[in-house]
Amino acid sequence: MNKSTLPLPPPVFLLIGVVAVSFSSILIKWSQAPASILGMYRLLFTVLLFLPFLPWREMKILFKNSTLKEWLMLAVSGVFLGLHFLFWMESFSHTTVASAMILTALEPVFVVIGAYFLFKEKTSKVGIISILIAVSGSVIIASGDIGVSKTALYGDLLSVLGTVAVSVHMLAGQELCRKMPSIIYSFAVFLIGGLVLFVYNICTNVSLIQYDIKDWWIFLLLALIPNIFGHALFNWLLKYVDATTISMAILGEPIGAIILAYFLLGEMTTVSQLVGGMIVMISVMIFLKYKAAELEKVMALQEKSNIS
């Protein structure tokens, strides 16, 4: 961790990022626009905000030298990012902020499962047990929502589908993130995801412009607050803070969103959401800490082999 070049301690920036992404669900709930429109403008407005900061010369060289496989992976990453916003944002129309947000904490679980089938990356018994416990927590949340309404359960399903989609986005982009600056990668996948939702809206005859001024402000705020001051900030912090620390910090998003939903939306949290949410969060924390320790061992062995 390199703290010397940061104007403030890393935890301050992590807190800003967590608060910023926590506002995403609140802004979605405040808007009357369809989820596909919210997702499209969130992505495309973020692309516009990125434009003044892009290293155009480096982008030209990177894209010129990219292979067909890299272009395909970039396309897959962008398409599934668009699908993530479509499913996940739509879930808020059917279920509570608590359920929708807690279920997104399952992302590391789906990433590990996908990595096993795609890249043959194995995990130990500790990792498998953590995954099973996390899934059991999500089942508790879903079972509680059955008692609320079938609509709430449908919202839970959409949230899970959104989490699966963002996991595919992460898996497709993991190699690309090592080969290009984060701002170039983010710009490309945000643009592709936004265009995917644009095509979806055109094909489903969803209006692109007939929205209240309040909704237009929400479109802009979604790009500015959770995307720029949230996810883009986390990407920038990777220069100074390890990825596991970032992942652990992001787990604070459901907690922040639930607190904000209580004060700003008047949403109460049910017993099943509290119990299931605690199980999911604790199991994912254990899993991430285990993966961090495992990575440190691998890096230590590599250092020893290099020295010898």
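Note that the numbering runs from 1 along the sequence shown for the chain.
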query = Hey, is the main chain of Ile218 close enough, under 3.5 Å, to the side chain of Tyr41 for a donor-acceptor pair?
reply = no
ask   = Do the side chain of Lys214 and the main chain of Trp30 share a donor and acceptor less than 3.5 angstrom apart?
value = yes
query = Is it true that a side-chain atom of Ser186 and a backbone atom of Ser182 form a donor plus acceptor pair closer than 3.5 Å?
reply = yes
ask   = His94 side chain to Tyr154 main-chain N or O, any donor-acceptor pair under 3.5 Å?
value = no
ask   = Would you say Met170 has more than 12 foreign heavy atoms packed within less than 6.0 Å of its CE?
value = no
inquiry  = With a 3.5 Å distance limit and no angle check, can you tell me whether Thr104 reaches the backbone of Met101 through a side-chain donor-acceptor pair?
reply    = yes
request  = Report yes if the side chains of Leu81 and Ile192 come closer than 4.5 Å at any heavy-atom pair, otherwise no.
outcome  = no
message = Keeping Thr163 on the side-chain end and Ser159 on the backbone end, is there a donor-acceptor pair under 3.5 Å?
response = yes
ask   = Does Glu267 reach the main-chain N or O of Val97 with its side chain, forming a donor-acceptor pair under 3.5 Å?
value = yes
request  = Compare all side-chain heavy atoms of Leu224 with those of Phe45 and state whether any distance is below 4.5 angstrom.
outcome  = no
key: Leu43 with Trp217, same ILVMFWY side-chain cluster at under 4.5 Å   = yes
ask   = Where does the angle between the aromatic ring planes of His169 and Tyr185 fall among parallel (under 30°), tilted (30 to 60°) and perpendicular (over 60°)?
value = parallel
